[in-house]
Amino acid sequence: MLKNILRPNCYYDSVTLMVISSTLKNIKGVNNASVMMGTESNLGVLNNAGLLLPENNTPDPNLMLICIDSNVDISEEVVNVIDTKLNEKVVTNGVIRAKTINNAIERLDNPNFAVVSIPGVHAKKEVEKLLKNNIHVMLFSDNVTMDEELELKQIAVDKGLLMMGPDCGTSIINGVPMGFANMVNRGNIGLIAASGTGLQEVSATISNLGGGISQALGTGGRDLKDKIGGLMTFQALEALKNDPDTNIIVIISKPTSKVIYDHVINKLKETDKKSVVCILGAGETQVIDDKIHVVATLYEAGVEAAKLSGVDVETTSTVEEHQVETAIEKLKKNKSSNYVRALYSGGTLCYEAILNVDGVYSNIAVNKELALPNVEESIKDTFIDMGEDYFTSGKPHPMIDQSVRLERLEKEVKDPDVGIILFDVVLGYGSNYKTAEELKSKIIDLQNKYLIDNRYVLFVATVCGTELDPQVKSKQIKILQEAEVLVYDSNIKAVETINRVLKSL
Amino acid sequence: MNKIEELFNSKIEVLNVGLELFTQSFVDLEISCVQVEWKPEAGGNQKLLDALSLLEDM
Amino acid sequence: MGFNIKEANSEGLHRMNAAMPLLVDIKFAKDVLPNMTKNTIGHAGPPLPWDEMCGPLQGAILGAIKYEGLADSLEAAKELVLAGGINFVSNHSMNAVGPMTGMITYSMPLFEVYNETFGNYAYCPINEGLGKVMRFGANDDSVIERLKWLENTLSYALKDAIKLSGPINLKVILSQALAMGDEMHQRNIAASSLFARKILPFIVQVVDNKQELTRISEFLTGNDQFFLNLAMALGKATMDPVKDIEGCTLVTAMSRNGTNFGVKVSGLGEQWFEAPVNMPKGLFFPGFTEEDANPDIGDSAIVETIGVGGFAMGAAPSVVKFVGAKSVKEAVNYTNDMWEITAGKSNQYIMPSLEFEGAPTGIDIRKVVQTGILPVINTGMAHKTPGIGQVGAGIVTAPMKCFEQALFAFAELANK
């Protein structure tokens, strides 16, 4: 039976509700259940899941819908669970609360920054309010149109403000991590990144090697597209060029048009400051004008920047040679194709991986022939970006809640043709603190369930973060090692091991 | 550019509009923060939003 | 129509802050209220017909008819009403306000409050006290007797005392009381004490008869809610000059008649924007439950209209338990919320416990609709059966519909 309980004028953010929703299936007697706000797109999701009664199909973004599919009526219990969790909702102590931006502005002496993470369809209006009040913005929301993005960035550029985004959840300003950013050493290297996990990987690498970050500015994934023309990238670049505390500038991006790329290089030529450019997928490594270092991977970008800032870079490894060799031997004994399946939470890390391993299928494949026809079904060697829209429609991002990734992990390990699993654990304030712990438990569980009778699966992980992060990098590495995972502290190192293993098989 | 320079040289005072999970770093680092408990204006009712829009800039 | 809402609201807020409400006299309704006739009965809230009135309101009206000598019995009074012999009027349209049922009739003595800055007057009856009183719909002989005593004895004593003392500054008393934990709606004990302190030295000079003096001083000092009516008159006097500012979206009145809640807006003139009242949520006195409560009633929401009462709950921690709020923190949250929907802060009604911030002043209908935050009112709850009295106290919100309708009306005006 299907039951819908409606609560008008009861707004909660999507993350809170999605996390609660994912636990409802565990209630005895529930076939399927969900609690969501009644936006048009959410109604679509509920409809598709067969949870919405036809009379409730009218959109109302302030209406909370509790939808339950069960054999007998257990709605009272489900509602109790939901209400208990809503009341337990983490309410950070020590922050002032306001209900509107205008009121919030009055509550601070000199508000100068805002992190915006509301539904994208409403974002433009709110960001305009902030920019109007001379407040720099990091816009995490997605589903903001390119036209809206352009308008907002034009306002920001006119006013000399930062408007980082949309879809930008990571930046570091004055040493303060915003959104998902990691806690890193302060120093003289400035970053400009079109990608969140790209920024995270590079900043963590720099910090781990002994360098430091002056500022790390996000631009949003579309900034370097022709329509936007790199408005924020160039705004940020000017700022870092003029910042006395920044001596090295690092730019991280995916491939752009030649016009824009050339413009970036020209701008870098104009400054005496040394720079590092990492355009993932653009391939060539070179040095321009003896000061612009073009590199191909995120790790290299970090190493090069650290070196340029005067750090004596010592590369260390978290995995010993014999561990890899033992793994290869065990895999050879498998009567299986030993496919590799990667489940990434960081989109850019997944992208970097795909660029560096031949012939992998993916849901973000550059080569159309390697695009997965059905994202739910892996083919041969497959690397999946679990944070891609398909997986996050109606569900929280895997960096916040990895229930979907854990389910997929089970599916992959169950597949007898799979021999290698690769995944990332991204640390930082905004990320789930229990990611490694949950993965460790799941892996041990799966090892007991499926890896019997001499079937072996090699688990490889990369941890992106630092000792300063609340999760503490070394602690997380240790946790994963307890499940016999080979843990690296940079993505490309993990990927190189995968390549090495594949070649040896 | 001045405003960005200013930002780099000022104490951060931040508005967090939306997901509360982002405030933890501010609390831990003792950064002044206001959590804006955002919800859709006028309950999302388009007619009301139109009326508000009309009267907003007057 | 090209108005400048920003400027208009600024003017409205300025007028609220500039008010100087002084208690200057006691006057009889017949002498000062426009169109007051022997057959006229003023009531709280927007106008409504007899058959839509709630129990306590009808009970009070029957009692008022008896008080004026228009009928000998309640049955006869009812017949008079049904025959169309009574003219019902909304108090607000007579420059007046009254708590709960809000009965104002021809012979009643009223506080006269003069807003010195703008030269306008506002009126409110003298608070009858607690228990079986007309404002809760009681109408037996004891009620009538008390009202007669107010009319024939207390009113003259007060009138003479005020003449002797000179105008009494109510704004100052309210400010002091706010700093002492009153919010002036459900908690008036400090304000009532301050007023008593002010007036008694003059009462003793103008009343010779010891018995009378005893009854009067007991009456003035025995009612914790005495100041409520003065606060209401102060509110009305403060808000009336804010009416009819072209382009002003600030609320000039909020009031309930037990059936409907009404809101008036400065730039929209005398029109009431109405919707069914909400039920207050709060605490009940022993022996009473939600089942017993009458829907929200009274002109006393004028107190919230000027920014105190429920709006200043954060400054009145002692009222928290009384109105069923969960904690002092919750009370502070209410005040924080009210700052979100008002144009500014009071320059005189300051809350020391909230960092000396001024009370949320000037409810902007746009902000109410935009944020979804409703004005919050601390209210007494009457028994739905007339005459039993107060059964509890709680928090009630103004209905959103009133503000939505007002917003649409404003937009229409803007489009002309």
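Being a predicted model, the structure only gives us computed values, none of them experimental. Sequence lines set the chain letters: A, B, ... in the order given, protein chains first and strands last, and positions in each chain run from 1.
Each of A:Val176, A:Val157, A:Asp245, A:Asn174 has some count of heavy-atom pairs under 4.5 Å with chain B, and the biggest count is that of A:Asn174. Of all the listed residues (B:Leu7, B:Asn9, B:Asp28), the one sharing the greatest number of non-hydrogen pairs under 4.5 Å with chain A is B:Leu7. Contacts with chain B were tallied for A:Glu126, A:Met138, A:Met183, A:Met178; A:Glu126 has the most, counting heavy-atom pairs under 4.5 Å. Among B:Asn45, B:Val17, B:Val14, the residue with the largest count of heavy-atom pairs under 4.5 Å with chain A is B:Val17.
Between A:Pro61 and B:Gly44, the closest heavy-atom pair is CG-CA, 3.5 Å. Considering every non-hydrogen atom in both A:Ser117 and B:Leu19, the closest pair reads OG-N, 2.7 Å. The minimum heavy-atom distance linking A:Ile118 with B:Gly18 is given by the pair CG2-CA, 4.0 Å. Looking at every heavy atom in both residues, A:Gly160 comes nearest to B:Ile4 through O-CG1, 3.4 Å. Residue A:Pro177 comes nearest to B:Ser25 through the heavy atom pair O-OG, 3.1 Å, listed as atom of the first residue, atom of the second, then distance.
Heavy atoms of other residues, nucleotides or ligands lying less than 6.0 angstrom from CD of A:Glu40 number 12 at most.
Side-chain atoms of B:Glu13 come within 3.5 Å of backbone atoms of A:Asn110 as a donor-acceptor pair (strictly under, hydrogens ignored).
If you measure heavy-atom distances from B:Glu56 to chain A, the contacts under 4.5 Å come from the side chain alone. Of the atoms belonging to A:Leu217, it is side-chain heavy atoms, and not backbone ones, that fall under 4.5 Å from chain B. Contacts of A:Lys129 with chain B are made by side-chain atoms alone, with heavy-atom separations under 4.5 Å and no backbone atom involved. A:Leu63 does not touch chain B: none of its heavy atoms, backbone or side chain, sits under 4.5 Å away. A:Thr39 does not touch chain B: none of its heavy atoms, backbone or side chain, sits under 4.5 Å away. Interface remark: A:Phe180 contributes backbone and side-chain atoms alike to the contact with chain B (heavy atom separation under 4.5 Å). For B:Glu30, no part lies near chain A; criterion is any non-hydrogen pair under 4.5 Å. Heavy-atom distances place no part of A:Asn103 under 4.5 Å from chain B, backbone and side chain included.
Under the 4.5 Å side-chain criterion, counting only non-hydrogen atoms from C-beta, A:Thr100 is not in contact with B:Val36. In this structure, the side chains of A:Arg97 and B:Val34 stay at 4.5 Å or more apart for every pair of heavy atoms. At a threshold of 4.5 Å between non-hydrogen side-chain atoms, the residues B:Lys39 and A:Lys99 do not count as touching.
Here the CG-CG distance, from A:Asp13 to B:Leu21, works out to 8.0 Å after rounding to the nearest 0.5 Å. We find the NZ-CZ distance between B:Lys11 and A:Phe113 to be 16.0 Å, quoted to the nearest 0.5 Å. With rounding to the nearest 0.5 Å, the separation of OG in B:Ser53 from NZ in A:Lys125 is 6.0 Å.
Taking the six-membered ring where tryptophan is involved, the planes of B:Trp38 and A:Tyr11 are perpendicular, since the angle between them exceeds 60° and thus also 30°.
When ring centroids are compared, B:Phe26 and A:Tyr429 stay outside the 6.0 Å threshold.
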(message) Working note: B:Glu37 + A:Tyr12, criterion side chain to side chain contact (heavy atoms under 4.5 Å, CB included); need CA distance, chi angles, decisive distance, verdict.
(response) CA-CA 9 Å; B:Glu37 292 169 337; A:Tyr12 278 92; over 6 Å; no
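For the pairing with B:Lys3, the side chain to side chain contact (heavy atoms under 4.5 Å, CB included) check across A:Ile135, A:Asn112, A:Leu161 returns one residue only, A:Leu161.
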